[in-house]
There are 4 protein chains.
Amino acid sequence: MASNKYEEIVQAAVELFEKKGYHATSVQDIADAVGLQKGSLYHYISGKEDLLLGLAQRAITEFNQRMERILSSERSAQDKMKEALSMHLELITHDVQLSTVLLRESVALGERPQQVVKEATDLYLDLWTRLLAEGIEAGEFRPGNPRMTALAILGACNWVFRWYQEDGTLRSQAIADIYADLFFDGIKK
Amino acid sequence: MASNKYEEIVQAAVELFEKKGYHATSVQDIADAVGLQKGSLYHYISGKEDLLLGLAQRAITEFNQRMERILSSERSAQDKMKEALSMHLELITHDVQLSTVLLRESVALGERPQQVVKEATDLYLDLWTRLLAEGIEAGEFRPGNPRMTALAILGACNWVFRWYQEDGTLRSQAIADIYADLFFDGIKK
Amino acid sequence: MASNKYEEIVQAAVELFEKKGYHATSVQDIADAVGLQKGSLYHYISGKEDLLLGLAQRAITEFNQRMERILSSERSAQDKMKEALSMHLELITHDVQLSTVLLRESVALGERPQQVVKEATDLYLDLWTRLLAEGIEAGEFRPGNPRMTALAILGACNWVFRWYQEDGTLRSQAIADIYADLFFDGIKK
Amino acid sequence: MASNKYEEIVQAAVELFEKKGYHATSVQDIADAVGLQKGSLYHYISGKEDLLLGLAQRAITEFNQRMERILSSERSAQDKMKEALSMHLELITHDVQLSTVLLRESVALGERPQQVVKEATDLYLDLWTRLLAEGIEAGEFRPGNPRMTALAILGACNWVFRWYQEDGTLRSQAIADIYADLFFDGIKK
DNA sequence: AATGAATGAGCATTCATTCAT
DNA sequence: AATGAATGAATGCTCATTCAT
């Protein structure tokens, strides 16, 4: 179980990385935010980059675990899909700051750690692709390219971090309903 | 008519910003890429940030102009929509590097220039929203929230820069066809 | 109590600014003088300009405090004037380097900090003007324009930094005596 | 006879050096002021420093020539002194900008050129010293240290550049009268 | 655990000067 | 005479990280 201080640091980092960006956030900024000296921070973290990597992993892991749970449940593909949309948008909007850091700042990572994140997000894409493939196989969804469809849906859902404001009027479930309607039935009359 | 050297610099910047990110790209890197001394660059550019701003504006302006042309054409909303999808994906994939810089690196801009870019992209969103609203009004599209739909579609389309490889197998028109099918008719059987 | 290192830096800066001038002195020069890396300097100072501003303020403050003490003492205007001349020349010659930086390098400051210094030196002029006005009112000095007289006397006294050498033969009190004689009785037989 | 363009450059340099200081004035600034490209300037000047040196020499030479003329005239020491005061203050105030550059910016010169200026100003001090010595010898002035007196008087007079505003209310002759009164008879009743 | 001094590499930018055209 | 591209050294400053205390 991680110490309180570490969690404080992580939270401060999320907020700062989201507000100013990873590069524009100095280790000093983070230290200030938690009331520690710059040097003292290194008792808890091994470096600025590892902080970001940890953040990103923490975020993507949550997505993957939830998605795996949904996939392994006993429901129609259509229901799973609705559930997945709700889950994804709920995670994105519940902690937009963390989502933003994952989706916007991961590029700041070096080659190796970036690869680590990429693998986790690739897995997430695979899970969605599998869900869509299952639906097609089950005859619930029209035949098509499930990977491309997954990319489109995830793109639409991830993009939410760009415009969602925590104080916005739309609840994540409302967004999920609208998106589900769009992806299930399209816009055509 | 802009000088050749300036265009060379701009192109080098696009490539470097895309490959390494804005922050990880030093002015020295750009200078090296065009075979100039660091100081000599400043005959052509007024600063690193202006280079990025110029790039972003150049990119978003193209999107806006093309979209305005489509909107003002005499066609059904459905046709315009197909055209818009093709156009957007064509622009994204034709110069993925530039698109990536626009969509991924604009955050590196300071407050003011970032606002400038935001205004241009907000306009683009408005144009898409208008297109969808027209379709609903014309009875071609099902009633709904056109702004939300535009956000979903644009999210899906923009996300392409994250996975598209120029040497990929898919032509932008193929992607457009798949996306159009998804957005028009949905995945449900 | 300021740290030793900071005082070392300040002293090095005074010496370098005096010897080479503010602009010709690089932060590297100062770092070298105190045996620190350039970057390490910034633990103690917030910038080169602030170093100069601090120096100038430190110097002018001393002048003002001493002058206020003299003004508020119970003596004839003539005695106060003698005292003020001694004080001013003592300060100038005791730390010619600091005086030189104050009088010669303050122009290097930006608009705002320069204004700060100007206000302090304006106050000093006011104190001298008040002293002269008191003397006129008391009937000790001939009627005249006390501000102009103050400007003349201060000009003469400040100019000393231009020719005084610490290893010179003249003690500051000797200069004060000569100047007092000149300003009190003039050169005419 | 120097070309018009050269005079234009010199004048622009005086104005800029006075307004912004030598170091803060770039060659580009001067070029802009005369409507030339930076490179073209070098057809007229051999460098930025030479420009300053030329300016300073031009200024100090004028002082020296005028002073020599006064010294060699047939008048009482007292009259010469009055004349010298008028002349000095007239020169200072008539072209405060040039005076300011001479008195404030000469430090920016390198060792050698600075020495050149110093020699010229030392000569000027000698001329004043000689004038005062003559007056003492002639029994017009009280015995004393003529060099010290000259330093005091010149200090007072030079200081004028620090507070004189061209649009000020005081004519240089008015200043000269007040200063003459001070230096001849002192402030004591 | 915490400090804070110190590092040293790195960065964007400026600038006086040169020179081929 | 004039240009303007190019130089290359220099500058003030930032910052992630280390480490002795």
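Below, read A as the first sequence line, B as the second, and so on, with proteins coming before strands; counting in each chain starts at 1.
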For E/dT3, does OP1 or OP2 lie under 4.0 Å from any side-chain N or O of A/Ser40? yes

Residue B/Lys38, side-chain atoms from C-beta onward, closest of F/dG12, E/dT13, F/dG8: E/dT13

Measure from NZ on D/Lys48 to P on E/dA16 and round the result to the nearest Å. 4 Å

Which is true for D/Thr25 with a 4.0 Å heavy-atom rule: it touches a base, it touches only sugar-phosphate, or it touches nothing? sugar-phosphate

Carboxylate-amine/guanidinium proximity below 4.0 Å for A/Lys48 and A/Glu105: no

Separation of E/dT13 atom P from B/Gln28 atom CD, nearest Å, is 13 Å

For A/Tyr22 and C/His23, find the nucleotide of DNA chain F closest to each by heavy atoms; which residue's nucleotide sits nearer the 5' end? C/His23

Euclidean distance, atom CD1 of residue C/Ile45 to atom P of E/dA6 [Å, nearest integer]: 14 Å

Rounded interatomic separation in angstrom, taking OH from A/Tyr42 and P from F/dA20: 17 Å

More than 12 heavy atoms from other groups under 6.0 Å of NZ on C/Lys20: yes

Under a 3.5 Å cut-off for both distances, is F/dA2 Watson-Crick or wobble paired, and to whom? E/dT21

In whole Å, what is the span from the CD atom of D/Gln37 to the P atom of F/dA6? 15 Å

Please give, in whole Å, the distance from F/dG12 P to C/Leu52 CG? 13 Å

If I take atom NZ in residue C/Lys20 and atom C1' in nucleotide F/dT11, what distance separates them, rounded to the nearest angstrom? 13 Å

Which nucleotide in the set E/dT3, E/dA6, F/dA6 lies at the smallest distance from any side-chain heavy atom of A/His43? E/dT3

Do you know which of D/Val14, D/Asn4, D/Val34 makes side chain to side chain contact (heavy atoms under 4.5 Å, CB included) with D/Ile9? D/Val34

What is the separation between atom CD on D/Glu8 and atom P on F/dA2, rounded to the nearest whole Å? 10 Å

OP1 or OP2 of F/dG4 sitting under 4.0 Å from any side-chain N/O of B/Tyr44? no

Between C/Leu41 and D/Val27, just flag the one whose closest nucleotide in DNA chain E comes earlier from the 5' side. C/Leu41

Here's a test of your reading of the structure: between B/Glu49 and C/Leu36, which maps to the more 5' nucleotide of DNA chain E? C/Leu36

Compare every heavy atom of A/Ala13 with every heavy atom of A/Leu51, then report the nearest pair and how far apart it is. CD2-CB, 3.8 Å

Correct closest heavy-atom pair for C/Glu49 and C/Ala108 would be OE2-O, 4.5 Å

